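Dropping the structure in here first, questions after.
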2 protein chains.
Amino acid sequence: MIKKDNQYKFAVIATDIVIFSVKDEELNVLLIEMGKKPFKGLWAVPGGLVKPTKTVDSSAKRNLHNMIKMKDVYLEQLYTFGKIDRDPYGRVVSVAYFAIVPDSGIHLQTVKHDTSVDWFPISRLPKLAYDHGEIIHAACERLRAKLTYTNIMYCLLPEEFTLSELQKRYEIVLYKKLDKRNFRKKIGAFNLVKKTDKKTLGKPHRPANLFQFSKKRPEIIPLF
Amino acid sequence: MIKKDNQYKFAVIATDIVIFSVKDEELNVLLIEMGKKPFKGLWAVPGGLVKPTKTVDSSAKRNLHNMIKMKDVYLEQLYTFGKIDRDPYGRVVSVAYFAIVPDSGIHLQTVKHDTSVDWFPISRLPKLAYDHGEIIHAACERLRAKLTYTNIMYCLLPEEFTLSELQKRYEIVLYKKLDKRNFRKKIGAFNLVKKTDKKTLGKPHRPANLFQFSKKRPEIIPLF
DNA sequence: CAACTTAGTGTTGGTTTAACACTAAGTTAT
DNA sequence: ATAACTTAGTGTTAAACCAACACTAAGTTG
């Protein structure tokens, strides 16, 4: 086993999870309000220490499920933050992950809240603890990149959706307007979605067809 | 400081560095032969434990420079490997990096060798220790991806080179033949290189112009 | 039933890409 | 010296892809 030499007995490993969803037409992240000094009143992404008996991945998964009671949430390792003074309590190396939750998983009832927990749009984040600003920034970049060259948008939408809703999501996340006809052409060319026989009802205008994703596994496709 | 609670005093953090170069028309990685049990005789990528007083990045950089005595070597964090039993001596979480060295930095004189150290083509790796097969695999994928959408090929070539050499490098790393005229058109369109007034001499055929990269900073460009 | 709102659909010109072959300028062998 | 050899260097064209563009369809609301 590990040598008892003090030099090697230093490290604490944590995982931090940036949980994304779309709310009110904007990309949001889930944050927790800190209850103790020195960051009391600031907000942080969910996370926790990695126990000796657990893999880093499983620790991330557990932290995610503590916040979001849902199966099959997309979770991906992002980057490891290893500066010495990033945590004032001591040397903590953090392996950051990001997760994507669809609208339907957004209900905060599904969240245990011993402290305050809330969604924040990424354009209006509160004061953040630790280096979590940096972590969230890196996560946004990665999410955006992944959405342009993979099909992981399926993680961000409910089971059924209209093509306009799908387009809207891409516009929100990529920060740019897309042409409706070209958009539908591309979606069609990649067999990204399949039509259901349902339509939206009760909206004050022409009903839209509802669609599902044809594949719910990550795949590389050159979308944009 | 860190609580003295035993549960948290477990982790050892290491860095592992996959060092790439091109040799004999193939992508190579630098490996070290293990001298001790339980991996005696197997090979591993360079690496080492992270000291409490150093950042993870600086530990990676130090490990790199222990092997390659060169300035400005490209170094990028790759992924963190956190399975419980990846190291038989105990719980070691490894932050893996990859580095790129040009041909001219390849001389193994520049390497201190208390044990054997050697380059291996990625198609003929020896038996590897730990999970280093997995790490090298991930590094290759990342390197290949980066070379297709950035200009980091400048890290893999000496200061001056011919266009044919440049094309050859891309063919080696991307595993595919490229059309000479289309290749040169693209390289030209992105101002990737600038001509010097030198030519290759002493080769048994028409001399080629020597070029340099116009920029030696990483940049995103849609090459292939 | 008129006004409103979102759904849904093709064409075209411009740009980019992929496929293709020959001449130029050296060295080496005779 | 010259012929044979080898790699360097250069444009054109057809096909695919991309970006820009406007109108009709089908519901709800007043």
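All values below were derived from every heavy atom in this structure, side-chain atoms included, with hydrogens, water molecules and symmetry-related copies excluded. Owing to the predicted nature of the structure, the values given are computational and were not obtained by experimental measurement. Protein chains get the first letters and strands the later ones, always in sequence-line order, with residue 1 at the start of each.
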Self-check item: Contact state string [nucleotides 3-13 of chain C, B base, S sugar-phosphate only, - no protein heavy atom under 4.0 Å]
Solution: --BBBBBBB--
Quiz item: Near DNA chain D, under 4.0 Å by heavy atom, which residues of residues 167-176 of chain B?
Solution: none
Quiz item: With no hydrogens and no angle check, do the side chains of Arg144(B) and Tyr175(B) hold a donor and an acceptor under 3.5 Å apart?
Solution: yes
Quiz item: Separation of Lys186(B) atom NZ from dT17(C) atom C1', in whole Å?
Solution: 7 Å
Quiz item: Hey, are Tyr130(A) and Asp16(A) close enough side-chain-wise for a donor-acceptor pair under 3.5 Å?
Solution: no
Quiz item: Does the side chain of Ser214(A) pick up a donor-acceptor pair with the side chain of Asn191(A) at under 3.5 Å?
Solution: no
Practice problem: Establish, from distance only, whether the side-chain atoms of Glu219(A) and Thr150(A) form a donor-acceptor pair under 3.5 Å. | Solution: no
Self-check item: Flag for Asp57(A)-Tyr97(A): side-chain donor and acceptor within less than 3.5 Å
Solution: yes
Self-check item: Distance in angstrom units between Phe224(B) CZ and dT17(C) P, rounded
Solution: 11 Å
Practice problem: Hey, could you give me each pair passing ring-ring contact (aromatic ring centres under 6.0 Å, His included) that has a residue in residues 188-218 of chain A? Not counting sequence neighbours. | Solution: Phe161(A)-Phe213(A)
Quiz item: Using the benzene-type ring in the case of Trp, are the ring centres of Phe224(A) and Tyr170(A) under 6.0 Å apart?
Solution: yes
Quiz prompt | Note: Arg142(B)-Glu76(B) ion pair, threshold 4.0 Å (strictly below) | solution = yes
